[in-house]
Amino acid sequence: MHSKETEAATQKAKDLIRMSVARACCLEPLQEFSLPVDKNALVVGGGVAGMTAALSLANQRHDVYLVEKEKQLGGMARRIHSTLEGMDVQAYLNDLMHKVYQHPLVHVYTEAAIVDAEGYVGNFTTKVRSKRGLTEIKHGAAIIAIGAEEHRPTEYLYGEDERVMTQLELEERIAADDTAITDAQSLVMIQCVGCRNEDRNYCSRICCSHAVKNALTLKEQNPSMDIYVLFRDMRTYRFAEDYYRKASENNVKFIRYEPEDAPVVEAADGEDRPVLRVTATDYILGRKIELDADLLVLSAATVPASTSDEVSRQFKVTLGPDGFFTEAHVKLRPVDFAAEGIFLCGTAHYPKHIGETISQAYGAAGRAAGLLSQDSLIASGSVCQVEESMCVSCGACISACSYGAIDFHENAQGYRAARVNPVLCKGDGLCNAKCPTGAIQLKHFTDKEIVRQLDAEIPDPKILATA
Amino acid sequence: MEGEGAFKPRVVGFLCNWCCYGGADLCGVSRFQYPPYIRVIRVMCSGRVDPAFVLKAFANGVDGVFIGGCHINDCHYNTEGNYDAYGMASIVKKLLEQIGLDQNRLRLEWVSAGEGIRFAEVMNDFSAKLKKMGPIGKSEGVPDDVLKRRLEAAMQMVPYIKLVERERLHSNLRTEEAYEKFYASEECDRLFKELITDKLEISQMIALLREKPRTPVSLPSCWGCRVGYCQACQHFGAAGVVPVR
């Protein structure tokens, strides 16, 4: 980076080494310490992701506490009846639920809410309020699988006209053999409702496949039905492209629209029946078209679960800009949170298909099992330490530490002084910069070490240098 | 490239382990070019940088101090120490002005671990600005001994400044806009003047008096002509000392 100034670069290298040596002279050995690991696990969310992870851990002989906020397990999958590939979701789900209830090591809490979560990797304590009352659960690892929700659209007459519904509602009505659906002559689907806009600037990923799946099912039951899909970009990714092609071959019509020129929906009188008239611009024909539909289906966005803010605060795990949980590293730690001992799977992370959710649930369970299989953990020794004789018990360090690693205690001389719990200390050293007396010091980054490093910046301290 | 005698600024940089240090590393690996003036000290979080470190660096005669942290709300720690770095740097900048130094000699920037090119850009810009400013003290017309005394006096005040920062001189709202607004506000300037400026002068007086006994008349002359006789007497009064002419 300084290839044109080789001499100055060498001088820089020498200076940096001198500075590091000056610091190294003051270093003291760190005391690594071991922490016991609680062998139990907590899984938050009893959907497909949560149940799969719970079963996987239970099969590896860990007690698992599965916390679900609804009355029944199953989550969003209760409303899904088949996959695009034609697999029976309800049969799979019933089997999974059966296994969970049967497993002696899985303890299910339904209609439960997490009141409080505290602790650290290997030793968490979470309080859960459920019908059984308030339970205190001790666990070594936690898996967050709280899922996502379907957006409630506010546009396209949703909620005003009963012929307008979301894809999930359509799927439920198809499964219930609703003749109002199967006998319809014409059906229009609109994609990207409530996402890829300014409020929610992300793609919900699963709705294209979902729409193609429902269109194909309807075509199978009533081949004469006219089905139009108004889309912005069709993304039936991976091998699901085949189903997109199949839908085209089965005469499902795909018409592209632009967000600035979104379709307009109004209730109108058709030739022989009342219809929903959808007006859109067909970019291939280059003109406005009117579609008279009996039913309008909206591919509503997948949005973060309403409880995700709360869970994020309780477990001190991060949410991304879209409100979904964020993993520690996309490639290197895809199911870990930055906070140790807490793992992530399912649509709480981002919208996913069931197959992807199951794979990730096994991944999260595997990472958690890796942690829980250890009897003890080695924690870093680069933590803060208080020199009690210098502490004036002002509490500046305590208010700076959002990890809650510092508290007051009365020492042997009867003075109140700050004390660091090394297990909770993450070693950022903010408290050092807040302490007015320099009583609290982060090991390996003490004031003395840094000032030594600073002083060694010049070979011989010149005019201004203080002794 | 430049003449032998051209001014080469000395710069000390405090880089946070997770973002800016990573950015600097990436910058090096990518072989982006920037001037070789900075001497890097790694800290775990930009919030760890004590005001005393910055003042000490200037007292040691460096021409510029750089602090690099994670982008706001991207701090690796949930203490969000980069907000504290922002607050600390804002106060130290005001202090530098009081001492008679160009406040731009202290520079705080957010550089993520992926922004190697940005680190080079910031270094190029900071180096160019420092070159324009010239050597510390001389360019500002503050003699070395006076500068040293003032910086030492400021360092003596660091514990007090920390308490003031905690009690009064901080923004209650943790957003970048709120911080920017607070430290640019008149309210903040007023508080700074009320709480710190006078104390800084008293601290300098004490530093002078520690050297040898002086009278209020002789004090201002060795002060660097910042305070008149009357003010010196006032400060003596505030400190409970009756000056003898």
Side-chain angles (χ1 to χ4, degrees), chain A residues 1-13 15-16 18-20 23 313 316-318 321 338-339 382 392 394-396 399-403 405 426-438 442 444-445 447 449-458 461-466, chain B residues 1 8 10 12 14 16-17 24 27-45 47-53 56-62 75-81 84-85 88 120 123 136-137 144-145 147-148 151-152 155 158-163 165-166:
Chain A
M1 55 210 171
H2 313 306
S3 60
K4 288 178 190 133
E5 294 157 277
T6 45
E7 268 184 36
T10 308
Q11 189 55 50
K12 177 179 174 182
D15 289 349
L16 287 174
R18 185 173 355 88
M19 288 162 73
S20 294
R23 169 172 170 254
R313 241 177 295 119
K316 299 194 183 71
V317 290
T318 42
S382 182
V392 292
C394 66
S399 53
C401 185
S402 54
Y403 293 104
K426 294 281 178 284
D428 55 289
L430 177 62
C431 50
N432 295 205
K434 296 287 173 194
C435 177
T437 63
L442 173 60
H444 276 202
F445 292 92
D447 285 350
E449 285 156 6
I450 293 177
V451 169
R452 277 283 184 92
Q453 204 172 352
L454 203 53
D455 285 343
E457 185 256 347
I458 9 172
K462 280 194 295 211
I463 19 150
L464 284 173
T466 48
Chain B
M1 214 156 60
K8 293 195 171 76
R10 280 167 55 199
V12 167
F14 295 94
C16 100
N17 179 62
C27 177
V29 172
S30 322
R31 294 173 182 273
F32 298 128
Q33 298 292 312
Y34 67 89
Y37 305 140
I38 192 168
R39 303 292 180 263
V40 172
I41 294 176
R42 182 175 66 102
V43 287
M44 293 310 281
C45 177
R48 167 69 183 99
V49 182
D50 199 289
F53 297 165
K56 182 80 169 79
F58 284 123
N60 281 1
V62 303
C75 181
H76 175 80
Y77 299 103
N78 66 14
T79 44
E80 307 267 17
D84 297 275
M88 186 278 287
M123 280 302 116
I136 190 165
D144 281 350
D145 58 333
L147 182 61
K148 181 189 165 192
L151 282 165
E152 268 177 7
M155 266 190 280
V158 164
Y160 172 73
I161 292 170
K162 284 181 179 176
L163 288 175
E165 190 265 343
R166 183 174 168 223

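Just so we're clear, the structure is a prediction, and the values are computed from it rather than from any experiment. Below, chain A is the first sequence line, B the second, and so on; all start at residue 1.
In this structure, the side chain of Gln33(B) engages the main chain of Ser3(A) through a donor-acceptor pair within 3.5 Å. Between the Arg23(A) side chain and the His444(A) main chain, a donor and an acceptor come within less than 3.5 Å of each other. Without hydrogens or angle criteria, Asp428(A) side chain to Cys45(B) main chain gives no donor-acceptor distance under 3.5 Å.
Asn17(B) contributes atom CG, which lies 13.5 Å from atom CZ of Arg48(B) (distance to the nearest 0.5 angstrom).
Heavy atoms closer than 4.5 Å to chain A are found in both the backbone and the side chain of Tyr77(B). Interface remark: Val62(B) contributes side-chain atoms only to the contact with chain A (heavy atom separation under 4.5 Å). The parts of Arg39(B) that come within reach of chain A are both its backbone and its side chain, each placing non-hydrogen atoms under 4.5 angstrom from that chain. Residue Cys435(A) touches chain B through its backbone alone, counting heavy-atom pairs closer than 4.5 Å. Contacts between Tyr160(B) and chain A at a heavy-atom distance below 4.5 Å are absent for every atom of the residue. Only the side chain of Val12(B) comes within contact range of chain A, with heavy atoms under 4.5 Å apart. Proximity to chain A (any heavy atom under 4.5 Å) is shown, for Ile161(B), by neither the backbone nor the side chain. Both the backbone and the side chain of Ile41(B) come within contact range of chain A, with heavy atoms under 4.5 Å apart. For a residue to count as touching a neighbouring chain, one of its non-hydrogen atoms must lie under 4.5 Å from one of that chain's; by this rule Glu165(B) touches chain A with the side chain only.
Of the listed residues (Met44(B), Glu80(B), Arg166(B)), the one with the most heavy-atom contacts under 4.5 Å to chain A is Arg166(B). Of the listed residues (Leu16(A), Asp447(A), Thr437(A)), the one with the most heavy-atom contacts under 4.5 Å to chain B is Asp447(A). Contact count versus chain B (heavy atoms, under 4.5 Å) is highest, among Ser382(A), Ser20(A), Gly395(A), Cys401(A), for Gly395(A).
Salt bridge status for Asp50(B) with Lys162(B): present, with a side-chain N to carboxylate O gap under 4.0 Å.
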